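First the structure, in the form of structure tokens, and then the observations on it.
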Amino acid sequence: MAKKVYLSSPHMGGYEMEYIKKAFDTNWIAPLGPNVDDFEKEVANYVGVKHATATSSGTAAIHLALKCLGIKKGDVVFCSTLTFAASCNPIIYQGADPVFIDSNYETWNMCSIALERAFNYAKKNNKMPKAVIVVNLYGQSADFDNIKKICDGYNVPIIEDAAESLGATYKGKQSGSIGDIGIYSFNGNKIITTSGGGILVSNNEEYVKKSKFWATQSRENERHYEHRELGFNYRISNVLAGIGIGQMKVLEERIKRKKKIYKTYEEEFKDIKDLQMMPIFDFGEPNYWLSAMTIKNDSKIKPIDLILALEDENIESRPVWKPMNSQPFYECYKFFSKEESFSVADDIFNRGVCLPSDTNMSDDDINKVVKIVKKIFDHDYKGDINNVKL
Ligand SMILES: *Cc1c(COP(=O)(O)O)cnc(C)c1O
């Protein structure tokens, strides 16, 4: 069996052990410590935001962000529908109600017309949201100008879910630095990883201070353990933060390689009329976390054919995120799209595939993926996956 090719796997750069060793040498194994402080400073510096709280996961960071904005039981929070469930699960943790907003085809991210429709409905029904979670999918920023204009008009803060887009830009600004609060994830599959972790960033010092307090069990500054508020165990450990410091040193390198992967697919597939790469908008530069694509509706190839053909060669690929408005757990919540009875996100899901985008892939691995994809879209292909064998 050929060596497995992954969608996006952890890729250490060689600098991580130095900081892990530092934690061991000083016995800062316990949560918090100098690596955590340094990691927070480095990420905040890199993205151009003043303050940061490193957390045990990106999900924890979103939960803390909602708490910073005072989200509580019965509140409404708008959220991009085309995303991973971690974007909206914390809304439920807080007892609030999500309302899902559709994507546009230009960026696959939040559609400002759908957002405006949701606000119109909310205003009429006196159910205004207390926050809007905007996701930057697959490493590309949402088109924030219109989204921000609408949210500012209603005075509603934005949480920017940049879990997948560390290092991407929007009109010269770092992805994750545009919303009132931004979050990133360092889960194993993300562009850089701490094996598990996340971070909350904001220019609002009070938010970051409060998030640190809640994330350390809301322990008051007393000799004994004094608690006046509900707390959480949400901080990252000093050992894992060390991995993060090491990984920050290779972030640019990872983005470069991810871009090369995307560009290779784009160039190689440009003559396949049934296949379209996820569009890249010219308002900024993505980090190209995952190279995603869609297959035209009338193609005889379906996403599952491609996924199975790649799987046959021990190559991992995946459908696009299944939209939250179509998830059994979330379908009872409201959903707004640009046109009443058509969901762009569902359409992208039905036709989409995330191709292997692992920076650990060799050029040969990439070429193998290219060959299989080309072969399956070849006019001779008769719908039999066995024909795809190289
Ligand atoms: C990965 C991810 C998260 C959650 O991050 P974890 O660190 O896995 O908790 C949130 N939102 C999006 C869009 C993600 O891709």
Side-chain angles (χ1 to χ4, degrees), residues 6-10 39-40 43 52-67 77-94 98 100-101 103 107-110 131-142 144 158-168 175-176 178-179 181-201 211 215 232-237 240-241 243-244 247 254 258 278 286-292 318-325 327 329-330 345 348-349 352 354 357-358:
Y6 291 94
L7 200 66
S8 185
S9 70
F39 184 45
E40 285 171 346
V43 175
T53 300
T55 55
S56 51
S57 70
T59 312
I62 296 171
H63 191 188
L64 293 168
L66 290 170
K67 278 187 65 73
V77 177
F78 289 178
C79 182
S80 304
T81 195
L82 187 57
T83 187
F84 180 40
S87 299
C88 53
N89 284 342
I91 301 172
I92 306 291
Y93 302 165
Q94 283 305 98
F100 295 108
I101 313 293
S103 299
T107 65
W108 292 14
N109 286 312
M110 188 178 279
V132 178
I133 300 175
V134 181
V135 178
N136 301 316
L137 205 70
Y138 297 139
Q140 174 164 247
S141 178
F144 267 95
I158 293 174
I159 296 172
E160 192 177 358
D161 180 350
E164 303 174 359
S165 63
L166 178 63
S175 183
I178 297 154
I181 303 175
I183 75 94
Y184 304 95
S185 164
F186 304 109
N187 188 29
N189 62 349
K190 299 296 176 355
I191 191 147
I192 60 167
T193 182
T194 58
S195 98
I199 201 163
L200 174 156
V201 298
S211 67
F232 300 86
N233 184 3
Y234 273 175
R235 288 289 256 161
I236 200 170
S237 95
L240 299 189
I243 303 178
Q247 285 270 284
R254 296 288 175 271
K258 293 266 192 194
M278 178 178 112
N287 71 3
Y288 299 92
W289 175 56
L290 288 191
S291 289
R318 226 176 262 171
V320 166
W321 296 125
K322 181 174 176 181
M324 291 305 120
N325 60 282
Q327 295 287 356
F329 182 77
Y330 281 112
I348 292 171
F349 167 65
C354 295
S357 312
D358 192 0

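We count ligands from 1, going down the list as the structure has it; atoms in each ligand are counted the same way. Quick note: numbers below take in every heavy atom, side chains included, and nothing from hydrogens, waters or symmetry partners. None of the values given here were measured: they were computed from a predicted structure.
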Less than 4.0 Å is my threshold; does some heavy atom of G197 fall inside it relative to ligand 1?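 True for this residue.
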Return yes when G198 approaches ligand 1 closer than 4.0 angstrom through a heavy atom, no otherwise.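 Distance cut 4.0 Å: G198 fails for ligand 1.
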For F349, enumerate each residue passing the ring-ring contact (aromatic ring centres under 6.0 Å, His included) test, keeping only those at least two apart in sequence or located in another chain.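 Scan of F349 (ring-ring contact (aromatic ring centres under 6.0 Å, His included), adjacent residues dropped) gives none.
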Using a 4.0 Å cutoff against the non-hydrogen atoms of [X], which atoms of ligand 1 qualify?
X	answer
T83	13 (C)
N187	7 (O), 8 (O)
S185	1 (C), 5 (O), 6 (P), 7 (O), 8 (O)

Considering G188, A61, A163, P90, which one's heavy-atom position lies nearest to atom 3 (C) of ligand 1? A163
Ring center gap for F186 and F39 short of 6.0 angstrom: yes
For [atom], the protein heavy atom that lies nearest, with its residue and separation:
atom	result
atom 4 (C) of ligand 1	A86 CB, 3.5 Å
atom 15 (O) of ligand 1	E164 OE2, 2.5 Å
atom 11 (N) of ligand 1	D161 OD2, 2.8 Å
atom 2 (C) of ligand 1	K190 NZ, 2.9 Å
atom 9 (O) of ligand 1	T59 OG1, 2.4 Å

Is the shortest side-chain N to carboxylate O distance from R235 to E40 below 4.0 Å?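 Looking at R235 and E40, the cut-off is met.
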For the pair T81 (side chain) and N325 (backbone), establish whether a donor and an acceptor sit closer than 3.5 Å, ignoring hydrogens and angles.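 Such a contact is found between T81 side chain and N325 backbone.
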Apply side-chain hydrogen bond (donor to acceptor under 3.5 Å, both in side chains) to Y288 and list each qualifying residue two or more places apart in sequence or on a separate chain. none
Would you check whether G58 has a nitrogen or oxygen atom less than 3.5 angstrom from a nitrogen or oxygen atom of ligand 1? yes
